[in-house]
A.B. asks: 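This structure is in structure tokens; I'll ask about it shortly.
Only this structure's heavy atoms are used, side chains among them; waters, hydrogens and symmetry mates stay out. Indexing begins at 1, ligand by ligand and atom by atom, following the structure's order.
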Amino acid sequence: MSIKIALAGNPNSGKTTLFNHLTGSRQHVGNWPGVTVEKKEGTLKSNKEVTIQDLPGIYSLSPYSLEEVVARNYLVHERPDAILNIVDATNIERNLYLTTQLLELGIPVVVALNMMDLVERNGDQINVDQLSKLLGCKVVTISALKGTNTLEAANQAALAAKAGEATAAPSIFYGDVKKSLDAISDLLKGKTDAKTIPFLSVKLFERDEKINELVTISESDQEQIETIVNACEQKADDDAESIITAQRYEYLTQIISKSVKKNKQSHELTI
Ligand code: GDP
Ligand code: K
Ligand code: MG
């Protein structure tokens, strides 16, 4: 059985370093169709049945950059068997912002916390079990530079792919926002693969224009969604995208406070 794993993460999170470790010389480099964004694919050194698809470095699944459009089109249309999400653990809050979005896609996700050599050197502590519990997915600590645990991370992603169980979207949103997202989800039920609804409902709430390429929505549903979003914006006195971003960061602050302990001394010294 051949398995496809997508490697996703922020720019400079160590994707290329990890990709090279995992695939060695078994790589094919080209461009994504129609755009000059590099496309790299390779097979796992230890198992030719496992293909690793390197995705462009991205900060979110919003369609603001060509990289983000390419990465999310791949994730939504090609639907890899699993996502290996590489996270720069020295910059964990910002990196996990993307993670929360990847978890909404309805695809099995494994998080590889990278740069653990630097985290350890700084004396910071990450409670991996706790983080894994809070995110609802497997978390593996690695150092792509040193090659520590990199194969383990790929193996975990392959296992998640074989198990085929989509990671559930975490409960990020609350209050009126959650109610609005639930109402949009109800409109989507039966019209699209149920697993993709958490991602699609957030994107429709954000008035993501490109989402029309991903799902067909009737004009009356379109109008209903606009009414829902408008009401939520009025009440929050903020625009839809900012509302979503704010609740995502609130959630991230909470899970980080429960799972990451920074070494105050080392951080004071660097200021
Ligand atoms: P990409 O932009 O995601 O492809 O990131 P790169 O693989 O190019 O890595 C960005 C920088 O981080 C490079 O200088 C790497 O050598 C460095 N790097 C990657 N992984 C690690 C790691 O585990 N530990 C340390 N200390 N540096 C790393
Ligand atoms: K880079
Ligand atoms: Mg790179």
A.B. asks: Less than 3.5 Å between some nitrogen or oxygen of Gly14 and one of ligand 1, yes or no?
C.D. replies: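 Yes; the residue has a nitrogen or oxygen that sits under 3.5 Å from a nitrogen or oxygen of the ligand.
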
A.B. asks: Can you tell whether the side chains of Lys15 and Asp54 come within less than 4.0 Å, N to carboxylate O?
C.D. replies: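 Here Lys15 pairs with Asp54 in a salt bridge, since their nearest N and O are under 4.0 Å apart.
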
A.B. asks: Ligand 1 versus Thr17, non-hydrogen atoms closer than 4.0 Å: side chain, backbone, both, neither?
C.D. replies: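 Both of them.
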
A.B. asks: Taking 4.0 angstrom as the limit, do Arg72 and Asp208 come out as a salt bridge?
C.D. replies: yes

A.B. asks: At under 4.0 Å between heavy atoms, is it the side chain or the backbone of Asp117 that contacts ligand 1, or both, or neither?
C.D. replies: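 Within the 4.0 Å criterion, Asp117 contacts ligand 1 through side-chain atoms alone.
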
A.B. asks: Are Lys4 and Asp81 close enough for a salt bridge, meaning some N to O gap below 4.0 Å?
C.D. replies: no

A.B. asks: Does a sphere of radius 6.0 Å around CZ in Arg207 hold more than 12 heavy atoms from other residues, nucleotides or ligands, not counting ones at 6.0 Å or beyond?
C.D. replies: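 Yes.
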
A.B. asks: Quick one: which ligand 1 atoms are inside 4.0 Å of a heavy atom on Leu118?
C.D. replies: 26 (N)

A.B. asks: With only distance considered, is Pro11 within less than 3.5 Å of ligand 1 through an N or O on each side?
C.D. replies: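 There is no such contact.
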
A.B. asks: Return yes when Ser13 approaches ligand 1 closer than 4.0 angstrom through a heavy atom, no otherwise.
C.D. replies: yes

A.B. asks: Within a reach of under 6.0 Å around NZ of Lys179, are more than 12 heavy atoms found that belong to other residues, nucleotides or ligands?
C.D. replies: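 Incorrect, the count does not exceed 12.
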
A.B. asks: Of the backbone atoms (N, CA, C, O) and the side-chain heavy atoms from C-beta on, which set of Asn12 has a member under 4.0 Å from an atom of ligand 1: side chain, backbone, both, or neither?
C.D. replies: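 Both backbone and side chain.
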
A.B. asks: Look at the N, O or S atoms of Asn12, main chain and side chain alike, and state whether any lies under 2.8 Å from the Mg ion (ligand 3).
C.D. replies: no

A.B. asks: Quick one: does Thr16 get an N or O within less than 3.5 Å of an N or O on ligand 1?
C.D. replies: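 Yes, there is a polar N/O contact under 3.5 Å.
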
A.B. asks: At a 4.0 Å threshold, what atoms of ligand 1 neighbour a non-hydrogen atom of Ser143?
C.D. replies: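 Ligand 1 atoms under the 4.0 Å threshold to Ser143: 22 (C), 23 (O), 24 (N).
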
A.B. asks: Flag the pair Glu68 and Lys210 as a salt bridge only when some basic side-chain nitrogen lies within less than 4.0 angstrom of an acidic carboxylate oxygen.
C.D. replies: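 No.
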
A.B. asks: When you check the gap from the basic side-chain N to the acidic O, do Lys203 and Glu209 get nearer than 4.0 Å?
C.D. replies: no

